[in-house]
*Asks:* 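Once you've had a glance at the structure underneath, I'll fire off some questions.
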Amino acid sequence: MPELPDVEVFRKYVDRTALHQTIESVEVFAPDILGEVTPKQLQSKTKGHQFMSTDRHGKYLFTRLSNDGWLVFHFGMTGYFHYFKDSKQTPKHTRALFNFDNGHHLAFVLQRKLGSISATQEMDTFVKEQGLGLDALDDNLHPEAFKKALKEAKSSIKSALMDQERIAGIGNIYSDEILFQARLDPKTRANQLSNEDVDRLFEAMKEVLETAIDSEADPEKMPETYLLPHREKGGKCPVCHGEIETTKISGRSAYFCPNCQS
DNA sequence: ACATTGACCTGAGAGC
DNA sequence: TGCTCTCAGGTCAATG
C-alpha cells in the first residue's frame with residue numbers, strides 16, 4: 001500500500017482520529033522496527049503528551065508531539081494505522097500500540113517488518129539525513145526541477161521515478177500508473193526523454209497522485225481510464241483493450257500496455 | 001560513480 | 001489437507 005497517496009490517506013486518518021489525546025503509554029511489540037530510538041526513549045518522549053498535528057514527506061508520516069519534536073513513521077510494504085476502542089479489535093501484526101487516556105488506542109500495524117518508527121527534532125533534519133528529494137506534490141517542485149532530477153538518470157524512467165533521492169513518494173504501483181497516463185514505456189532511459197515527454201510526465205504525476213488521494217488510494221474508486229484497477233495478470237488496457245504486459249525492471253514487477261506506451 | 005541485485009521479514013495464494 | 005513455490009505497493013548493503 002504505502003506510497004505517497006496511501007500515506008496521505010493515513011495522515012488524514014490520524015488527523016481525524018488521534019490528535020489532542022493524552023498518551024498514557026506506548027507498547028512496542030517488535031523493538032526491531034524502532035530506528036535510532038529505544039522503547040524506553042519512545043515511552044518518555046510520548047507519555048503524558050499528545051499528537052498535535054501531522055505532516056508528510058514522500059512516504060514518511062510525521063506526528064508532532066506537544067512537548068517537542070516529531071515521531072516519524074514509515075510503512076514499508078504492508079503498514080497502516082488502526083484507531084479503535086475495544087482491545088479485542090487490536091489487529092494482527094500490531095508492532096506498536098499508543099494507548100490514550102480516553103480509552104482509545106492507535107495501532108501501528110506491519111505484516112512484514114519493513115516499516116519503522118523513529119524520532120526527530122526537526123522534519124527538515126530528518127529529510128536531509130535520509131537524502132530525500134522534494135515531495136512529489138510539493139509546490140516548490142517546478143517543472144524545471146523535475147526535469148533536472150530525472151534527466152540526469154541513466155536508469156530506466158521507472159527506476160528514476162521511484163528513486164526517493166530524486167523525488168520522494170512514488171513507488172512501484174504509482175510509477176506504473178504515472179507512466180501509463182503519460183503514455184511512456186517504463187523501460188525508456190530517463191536521459192533519453194524529450195522535453196515534451198518530461199512535461200507530459202510531470203503533469204501525469206501530479207494528476208495521478210492527486211486523483212489517487214481523492215480516491216482514498218482505493219483502485220475501485222479511481223477513474224475507469226486508470227491502469228490500477230486492471231493491474232493484474234490477464235488484465236486488459238482500459239484504453240485500447242489490449243493485454244496488459246508485465247516485466248521486471250530493477251527487480252520490481254512493472255505492468256504496462258505495450259500498445260499505448262511506446 | 002552509478003545502476004542493479006540480493007537480503008531483510010512474514011505471510012497469501014497458486015499448483016501439486 | 002498439506003506441502004512447496006512464487007510473489008508482494010520498501011529500503012539498504014553488497015556487487016558489477
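Any value given below was found using the heavy atoms of this structure, including those in side chains, with hydrogens, waters and symmetry copies removed. So that the names make sense, note that chain A is the first sequence line, chain B the second, and so on, each numbered from 1.
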*Asks:* Going by an N to O cut-off under 4.0 Å, is there a salt bridge joining A:Asp15 and A:Lys12?
*Replies:*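 The answer is no: the pair does not qualify as a salt bridge.
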*Asks:* Using atom P of each nucleotide, how far apart are C:dC3 and B:dC9 to the nearest Å?
*Replies:* 24 Å
*Asks:* Of the options C:dA8, B:dT10, C:dG9, whose atoms approach the side-chain atoms of A:Glu3 most closely?
*Replies:*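 Nearest nucleotide to the side chain: C:dG9.
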*Asks:* State which of B:dA3, C:dA8, B:dC9 makes the closest approach to the side chain of A:Leu114.
*Replies:*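 The answer is B:dC9, which lies nearest to the side chain.
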*Asks:* Rounded off to whole Å, could you give me the CE-to-C1' distance for the A:Met222 and C:dG9 pair?
*Replies:* 11 Å
*Asks:* What distance, rounded to whole Å, do you find between the two P atoms, one in C:dG9 and one in B:dA3?
*Replies:* 22 Å
*Asks:* Stems involving DNA chain B: give each as a range paired with a range, ordered by first number, where a stem means at least three consecutive Watson-Crick or G-U wobble pairs under 3.5 Å.
*Replies:*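 Ordered by first number, the stems with DNA chain B (at least 3 consecutive pairs each) read B:2-8 with C:10-16, B:10-16 with C:2-8.
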*Asks:* Is the distance between the ring centroids of A:Tyr80 and A:Tyr13 under 6.0 Å?
*Replies:*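 For A:Tyr80 and A:Tyr13, the ring centres are not under 6.0 Å apart.
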*Asks:* Using the side-chain heavy atoms of A:Ile173, tell me which of these nucleotides is nearest: B:dT10, C:dG9, B:dT4.
*Replies:* C:dG9
*Asks:* As a test of reading the structure: which of B:dT10, B:dA3, C:dT11 is closest to the side chain of A:Lys154, going by heavy atoms?
*Replies:* B:dA3
*Asks:* Where the side chain of A:Lys59 is concerned, which of B:dC9, C:dT11, C:dA8 is the nearest nucleotide?
*Replies:*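 Shortest atom-to-atom distance from the side chain points to C:dT11.
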*Asks:* With heavy atoms under 4.0 Å as the rule, sort A:Thr78 into base, sugar-phosphate or nothing.
*Replies:*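 No contact.
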*Asks:* Kindly write out the residues that satisfy ring pair (Phe, Tyr, Trp, His ring centres under 6.0 Å) with A:Phe10, not counting sequence neighbours, or none if the list is empty.
*Replies:*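 Ring pair (Phe, Tyr, Trp, His ring centres under 6.0 Å) list for A:Phe10, sorted by chain: A:Phe75.
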*Asks:* In terms of side-chain heavy atoms, does A:Arg11 have a donor or acceptor partner in A:Thr54 at a distance below 3.5 Å?
*Replies:* yes
*Asks:* A:Asp135 and A:His57: side-chain donor and acceptor closer than 3.5 Å?
*Replies:* no
*Asks:* For the P atoms, the ones on B:dG11 and on C:dC12, what distance do you get once it is rounded to whole angstrom?
*Replies:* 23 Å
*Asks:* Taking for each residue the nucleotide of DNA chain C bearing the nearest heavy atom, is the 5' side occupied by A:Arg112 or by A:Gln130?
*Replies:* A:Arg112
*Asks:* Do we see a donor-acceptor contact under 3.5 Å between the side chains of A:Asp214 and A:Thr211?
*Replies:*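 No, no side-chain donor-acceptor contact under 3.5 Å.
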*Asks:* Nearest to the side chain of A:Gln111, heavy atoms from C-beta on, is which of B:dA3, B:dT10, C:dG9?
*Replies:*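 The nucleotide sitting nearest to the side chain is B:dT10.
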*Asks:* Heavy atoms only, 4.0 Å cut-off, all strands: where does A:Asp32 land among base, sugar-phosphate and nothing?
*Replies:*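 A:Asp32: no heavy atom of the nucleic acid under 4.0 Å.
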*Asks:* State plainly whether the residues A:Lys148 and A:Glu144 are in salt-bridge range, i.e. N to O under 4.0 Å.
*Replies:*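 No.
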